[in-house]
Amino acid sequence: MTVHERSGRRYDAIVLGVGGMGSAACYHLARRGRRVLGVERFDVPHAMGSSHGVNRIIRLAYYEDPRYVPLLRRAYELWRELEAGFGERLLHITGSIDASEADGEVFRGALRACKEHDLPHEVLTSAELRRRYPGYRLPAEYPALFQPEGGFLVSERCIVAHVVAAQAAGAEIRARERVLGWEPVGDGVRVETDRDSYEAARLVVCAGAWIGALVPELAGLARPERQVLGWFQPNRPELFVPGRFPVFNLTVPEGRYYGFPVFGVPGFKVGRYHHRGEQVDPEAMNREPEPADEALLRAFTARYFPEAAGPTMALRACLFTNTPDEHFVLDRHPIHPQVILASPCSGHGFKFCSVIGEILADLAERGETGHDIGLFRLGRFGKGSSVAG
Ligand SMILES: Cc1cc2nc3c(=O)[nH]c(=O)nc-3n(C[C@H](O)[C@H](O)[C@H](O)COP(=O)(O)OP(=O)(O)OC[C@H]3O[C@@H](n4cnc5c(N)ncnc54)[C@H](O)[C@@H]3O)c2cc1C
């Protein structure tokens with residue numbers, strides 16, 4: 001990586017977007033001694049993108065694909081390292097439940113990941129689950145996979161922790177500065193913002209739901225979708241505290257849902273993957289939750305977690321950015337290899353921020369990484385890919 005220079009501003013790498021992924025990329029680049037600039041259009045942190053709403057689930061029994069498990073092991077390691085340096089708990093272990101019909105993706109996929117990677121787990125009947133964790137009331141025929149290492153990350157604090165550590169390692173972070181565009185300059189890049197312009201050897205684009213506006217090649221592949229999270233005051237709060245209620249992923253006839261014990265907001269937290277199926281423009285999205293948003297989450301809670309379905313405590317809109325196969329994009333730009341693209345969402349990316357920061361730093365420094373990111377290459381969509389290894 002060679003340094004590019006213009007009017008005294010010289011960076012090895014510019015990270016566009018300082019949310020979940022960008023904050024981790026800034027940290028990993030800075031701790032390797034790279035001169036890093038992170039540019040964020042809103043605050044650090046903020047509630048306009050994909051990483052707010054108190055917390056995010058982390059789980060090892062990865063039903064989506066067992067190939068994520070090695071990345072998760074490294075992610076856990078890096079989260080623990082980050083929280084030790086930050087001096088505040090970021091990772092809360094509650095155990096996790098993955099449940100569906102026995103041949104449904106969630107249960108079957110989680111079991112497969114456990115078997116392939118020899119993960120500690122237990123398979124419980126619905127009645128056994130209810131005896132152990134009385135907040136759950138799943139259909140009688142549903143098996144549930146319990147994995148003791150599941151839990152949640154305090155997502156906005158994770159961003160703060162990564163930014164604080166990045167700054168301590170020398171990174172420059174600028175919030176409330178919007179990137180208007182970028183262009184290749186030789187083998188580096190120039191980035192124009194609404195305040196200034198900067199040059200660097202590498203650009204790492206971590207723009208979340210806005211990535212399609214900044215990288216036209218991704219516009220049709222990274223589609224923003226409106227989500228709403230709900231928190232309901234439990235009627236029996238003792239059943240929904242972190243020590244007595246594991247986080248869950250659950251597919252029922254109404255859809256695929258996830259949930260958390262009470263933490264941060266005085267309510268049981270629940271969300272539905274792909275919520276009401278609303279593809280949106282993040283610039284124009286309705287961020288104010290509506291009665292229909294609440295009704296959908298409340299109906300699910302009342303049926304499967306009836307003791308949690310008390311008064312509404314909070315509702316918050318948020319954004320997924322979905323790829324067609326719901327696996328991430330982590331790759332070099334198909335035409336400009338000095339630009340690294342990160343679109344790791346599809347509703348399940350946050351838990352990987354720590355390891356993705358490491359991967360993005362590898363790609364920026366060397367154009368390759370020792371982590372297996374074959375699943376995330378752009379080439380799978382016929383867009384070409386320049387990542388080796
Ligand atoms: C409701 C909900 C629930 C979820 N639950 C889970 C979960 O339980 N577990 C899990 O692992 N994952 C979960 N996810 C997914 C996870 O939160 C995302 O994968 C992750 O937050 C994506 O991080 P990001 O850095 O890509 O996006 P963000 O954190 O949104 O960061 C992108 C940043 O880029 C900035 N930006 C954009 N354009 C510009 C510009 N022009 N100039 C400057 N800055 C710019 C934005 O302001 C933003 O800060 C969930 C997501 C949602 C929405």
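Values below: all heavy atoms of this structure, side chains included; hydrogens, waters and symmetry mates excluded. Note that ligands are numbered from 1 as they come in the structure, with each ligand's atoms numbered from 1 the same way.
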Would you indicate whether Asp118, at its atom CG, is surrounded by more than 12 heavy atoms from other residues, nucleotides or ligands within a distance under 6.0 Å? no

If you measure from the Lys or Arg side-chain nitrogens to the Asp or Glu carboxylate oxygens, is any gap between Glu283 and Arg178 under 4.0 Å? yes

So which pairs with a foot in residues 318-327 pass salt bridge (charged side-chain N to carboxylate O under 4.0 Å, His left out), sequence neighbours left out? Arg256-Glu326, Asp325-Arg380

Under 3.5 Å: N or O atoms of ligand 1 paired with protein N or O:
| unit_1 | atom_1 | unit_2 | atom_2 | d |
| --- | --- | --- | --- | --- |
| ligand 1 | 8 (O) | Ile57 | N | 2.8 |
| ligand 1 | 9 (N) | Ile57 | N | 3.4 |
| ligand 1 | 9 (N) | Ile57 | O | 3.0 |
| ligand 1 | 11 (O) | Ile57 | O | 3.4 |
| ligand 1 | 11 (O) | His348 | O | 3.2 |
| ligand 1 | 11 (O) | Phe350 | N | 3.0 |
| ligand 1 | 11 (O) | Lys351 | N | 2.9 |
| ligand 1 | 11 (O) | Lys351 | NZ | 2.8 |
| ligand 1 | 12 (N) | Gly349 | N | 3.4 |
| ligand 1 | 12 (N) | Phe350 | N | 3.1 |
| ligand 1 | 14 (N) | Gly347 | O | 3.4 |
| ligand 1 | 17 (O) | Ser50 | O | 2.9 |
| ligand 1 | 17 (O) | Arg56 | NE | 2.8 |
| ligand 1 | 19 (O) | Pro344 | O | 2.9 |
| ligand 1 | 19 (O) | Gly349 | N | 3.2 |
| ligand 1 | 19 (O) | Phe350 | N | 3.4 |
| ligand 1 | 21 (O) | Ser50 | O | 3.1 |
| ligand 1 | 21 (O) | Ser51 | OG | 2.7 |
| ligand 1 | 25 (O) | Gly20 | N | 3.3 |
| ligand 1 | 25 (O) | Met21 | N | 2.8 |
| ligand 1 | 29 (O) | Gly20 | N | 3.0 |
| ligand 1 | 29 (O) | Ser51 | OG | 2.5 |
| ligand 1 | 30 (O) | Ser50 | N | 2.9 |
| ligand 1 | 34 (O) | Cys206 | O | 3.4 |
| ligand 1 | 41 (N) | Val179 | O | 2.9 |
| ligand 1 | 42 (N) | Val179 | N | 2.9 |
| ligand 1 | 44 (N) | Arg41 | N | 3.1 |
| ligand 1 | 47 (O) | Glu40 | OE2 | 2.6 |
| ligand 1 | 47 (O) | His46 | NE2 | 3.3 |
| ligand 1 | 49 (O) | Glu40 | OE1 | 2.5 |
| ligand 1 | 49 (O) | Glu40 | OE2 | 3.1 |
| ligand 1 | 49 (O) | His46 | NE2 | 2.6 |

Salt bridge (Lys or Arg N to Asp or Glu O under 4.0 Å) partners of Arg137, counting only residues at least two apart: Glu307

Using only atom types and a distance under 3.5 Å, with no angle test, would you say the side chain of Arg223 pairs donor to acceptor with the backbone of Gln279? no

Would you list the pairs meeting side-chain hydrogen bond (donor to acceptor under 3.5 Å, both in side chains) in which at least one residue belongs to residues 224-248, sequence neighbours left out? Glu225-Gln227, Glu225-His274, Glu225-Asn322, Arg226-Glu278, Arg226-Asp293, Arg236-Glu238

